[in-house]
Peer 1: 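My questions all concern the structure below.
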Amino acid sequence: MAKQGISVSFRLHPSDPREKQAIEIIQENIAQGLEPRQFITDAILRSAGYTPEMFRDSDAKLTPSLLESILEDFGKYLLSSMRAAGGAVSQETAKPVEFDEDEDAEMAKNLAAGWAARNGRK
Amino acid sequence: MPDLYFDFGNADLKYFDGEKSFGHTRHAIASISETEWKKVVGRAKQPPEGYIAVEGKFFAIGDKARRYVLKEKPRGADRYVQEYYGVGMAYAISELFDNSHRVINLYASHAPRDVEYADDIKKASLGRWRFVTHKGEYNLSVKSVETFDEPLGGYNHAVLTKEGKALKSNPYRKSTVLVLDVGGYTCDVVAVDSGGVIDDGSMRSTLTGVIGVYETFESELRSRFRNEFKGVGEIDVKRLESAILGGFYPYGKLQLDCADIGQDAINMLANDVVDVIKAAGGVANFDIVLLTGGGSALIAESLREAVTSIDFVMVEPERDLLRYANVFGAAKLFTMLKRLGVING
């Protein structure tokens, strides 16, 4: 992990029902004036079992290394969820993943061949 | 160079510019005399909406054509002549584009059984066109014509992106799909195997469609309400369609209850379509049935009730847009074919 922080970037797509729901939640939060960084970090912490109270509690001892470890766990969880859903996953966190633009080349080839055969083209 | 995606259907002419503009005009074209033309144009520079003059001949089109004596509408491949197909195409061009364009590419649909007449579509549309509509005077050339099977237009709408890429997240990717295109006079089918492999031999056209639904419904409506419809001439098909879907025919201040006869008429078509599915191999041979074409929207619910053992999915989730699914899909298909270098871009 980079010492200066990590960049988390991915594209949520509305064709996936869960991701669509996530988009709606993000839009609602932004509409309420919340910062994406704030509520996404909050969600990551919650996914690791930390409540906002624990995060604010000085006794919780949430050190930068602990946060990095939580983020790592969350990243693994995210990758496995995406793979389970059949989506494309990029290991380069700064590069957006765009599901629909990741073409099924074989299908494209078959559809083109089907049209060509019907229309006397090679 | 503008693209026109055009479906000259038996019930409606559907057109799409490949980007955002689309529309439809009821399939009715009446040849009118010069005297009739002058009467409607009057002193205006151009005719009102619903009229077109093409190369010195005059026509009323769509709902306006109903004011004139309509000769029997040519069906199927009989439409593919300049004086008929070309007139409909020219009107579609004027509906979508302004008259500044000099060249148009045409992407035209046909029923699978008319594939051998695809060259007739090209002959009926290629070349220079001079015409006048309510949008002004047009002088342009149809430079290229490509054709496609209507049900495959619907399938492509379901599995391709607007950028002409095959969806990797396509839910039908590993399914054997039966595509049903229910139109005005025909119900066309095609089977598409896993991975988008088109089963060429499965393409069939059966003579049944929504026009039969309207005719049956109108006949029963007149029979039940014979006093109300005594002396009433032709009924606007839009009112029939609305009554079939809504269950009531608006008759002045009254609402004539016709829900049962509307449902009966729909069921008759649905039963025909069930037979088409059986003839295509039956539900045992498919994982899912994809519905396309305007007629599909009318019978989707009846089909789901009649055949519960398979899912029927509309390729276009918005019911009102289902009639355009074939031209929407064609735009995606030809974008893909250009990208792959199968046709010139």
Side-chain angles (χ1 to χ4, degrees), chain A residues 8-28 74-122, chain B residues 107-108 110 112 114-116 118-119 121-122 145-153 155-156 158-175 190-203 317 329-330 332-344:
Chain A
V8 180
S9 170
F10 53 89
R11 186 173 292 249
L12 295 171
H13 200 280
S15 64
D16 181 291
R18 292 179 69 239
E19 291 187 14
K20 186 183 174 192
Q21 206 174 359
I23 292 169
E24 286 164 2
I25 292 167
I26 291 169
Q27 286 170 339
E28 277 170 24
F74 179 71
K76 284 176 191 166
Y77 163 76
L78 197 62
L79 286 171
S80 66
S81 299
M82 287 166 117
R83 287 197 179 106
V89 176
S90 168
Q91 296 286 355
E92 296 167 70
T93 51
K95 189 178 171 184
V97 178
E98 297 189 0
F99 291 87
D100 284 346
E101 291 181 8
D102 190 3
E103 181 165 24
D104 182 340
E106 189 190 345
M107 178 165 253
K109 196 178 80 179
N110 289 336
L111 291 173
W115 178 84
R118 288 285 289 171
N119 292 275
R121 304 288 181 85
K122 287 182 179 177
Chain B
Y107 301 91
H110 57 74
D114 291 337
V115 67
E116 59 192 287
D119 280 345
I121 295 179
K122 293 178 183 175
V145 181
E146 298 288 0
T147 58
F148 64 95
D149 291 283
E150 281 154 9
L152 288 179
Y155 182 76
N156 285 306
V159 302
L160 299 181
T161 65
K162 278 196 287 189
E163 293 74 29
K165 292 189 174 180
L167 283 166
K168 199 156 192 173
S169 53
N170 155 27
Y172 319 117
R173 191 177 168 204
K174 292 181 179 173
S175 304
V190 60
V192 183
D193 292 320
S194 169
V197 177
I198 295 159
D199 181 355
D200 205 29
S202 69
M203 292 207 197
K332 295 174 177 181
L333 168 69
F334 287 104
T335 300
M336 182 186 77
L337 293 173
K338 286 174 193 171
R339 193 171 54 75
L340 296 177
V342 179
I343 61 171
N344 293 326

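These values consider heavy atoms only, across backbone and side chains, with no hydrogens, waters or symmetry-generated copies.
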Peer 1: At what distance, to the nearest 0.5 angstrom, does NE2 of B:His110 lie from CZ of A:Arg118?
Peer 2: 6.5 Å
Peer 1: Shortest non-hydrogen contact from A:Met107 to B:Gly196?
Peer 2: CE-N, 3.2 Å
Peer 1: If I measure from the heavy atoms of chain A, does B:Asn170 come under 4.5 Å with its side chain, its backbone, both, or neither?
Peer 2: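 Side chain of B:Asn170 only, per the 4.5 Å heavy-atom cut-off to chain A.
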Peer 1: So what's closer than 4.5 Å to chain A heavy atoms on B:Pro112: side chain, backbone, both or neither?
Peer 2: both
Peer 1: Can you name the closest pair of heavy atoms from A:Arg121 and B:Val342 and give their distance?
Peer 2: NH1-O, 4.2 Å
Peer 1: Inspect the surroundings of CD in A:Glu106 and state if more than 12 heavy atoms from other residues, nucleotides or ligands are less than 6.0 Å away.
Peer 2: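 For A:Glu106, atom CD is not crowded (no more than 12 foreign heavy atoms under 6.0 Å).
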Peer 1: Do B:Val159 and A:Leu111 touch side chain to side chain, with heavy atoms closer than 4.5 Å?
Peer 2: yes
Peer 1: What part of B:Asp199 gets closer than 4.5 Å to chain A, counting heavy atoms only: side chain, backbone, both or neither?
Peer 2: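 For B:Asp199, there is no contact with chain A at all, as no heavy atom is under 4.5 Å.
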Peer 1: What are the two closest non-hydrogen atoms of B:Leu340 and A:Ala112, and how far apart are they?
Peer 2: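 What the structure gives for the nearest pair is CD1-CB, 3.9 Å.
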Peer 1: Near B:Lys162 NZ, under 6.0 Å, is it more than 12 heavy atoms from other residues, nucleotides or ligands?
Peer 2: no
Peer 1: Would you indicate whether A:Lys109, at its atom NZ, is surrounded by more than 12 heavy atoms from other residues, nucleotides or ligands within a distance under 6.0 Å?
Peer 2: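 Incorrect, the count does not exceed 12.
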Peer 1: Roughly how far apart are A:Trp115 CH2 and B:Met336 CE, rounded to 0.5 Å?
Peer 2: 10.0 Å
Peer 1: What residues form a side chain to side chain donor-acceptor pair (under 3.5 Å) with B:Thr147, not counting sequence neighbours?
Peer 2: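 Once residues adjacent in sequence are excluded, the partners of B:Thr147 under the side chain to side chain donor-acceptor pair (under 3.5 Å) criterion are A:Asn119.
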Peer 1: I need the residue from A:Ala108, A:Gly114, A:Ala105 with the largest number of non-hydrogen atom pairs under 4.5 Å to chain B.
Peer 2: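 Top count of heavy-atom pairs under 4.5 Å with chain B: A:Ala108.
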Peer 1: Could you look at B:Arg339 and say if it's the side chain, the backbone, both or neither that has a heavy atom under 4.5 Å from chain A?
Peer 2: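 Answer is side chain: those atoms of B:Arg339 sit under 4.5 Å from chain A.
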Peer 1: Which pair of heavy atoms, one from B:Gly195 and one from A:Asn110, lies closest together, and at what distance?
Peer 2: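 Scanning both residues completely, I find the closest heavy atoms to be O-ND2, 2.9 Å.
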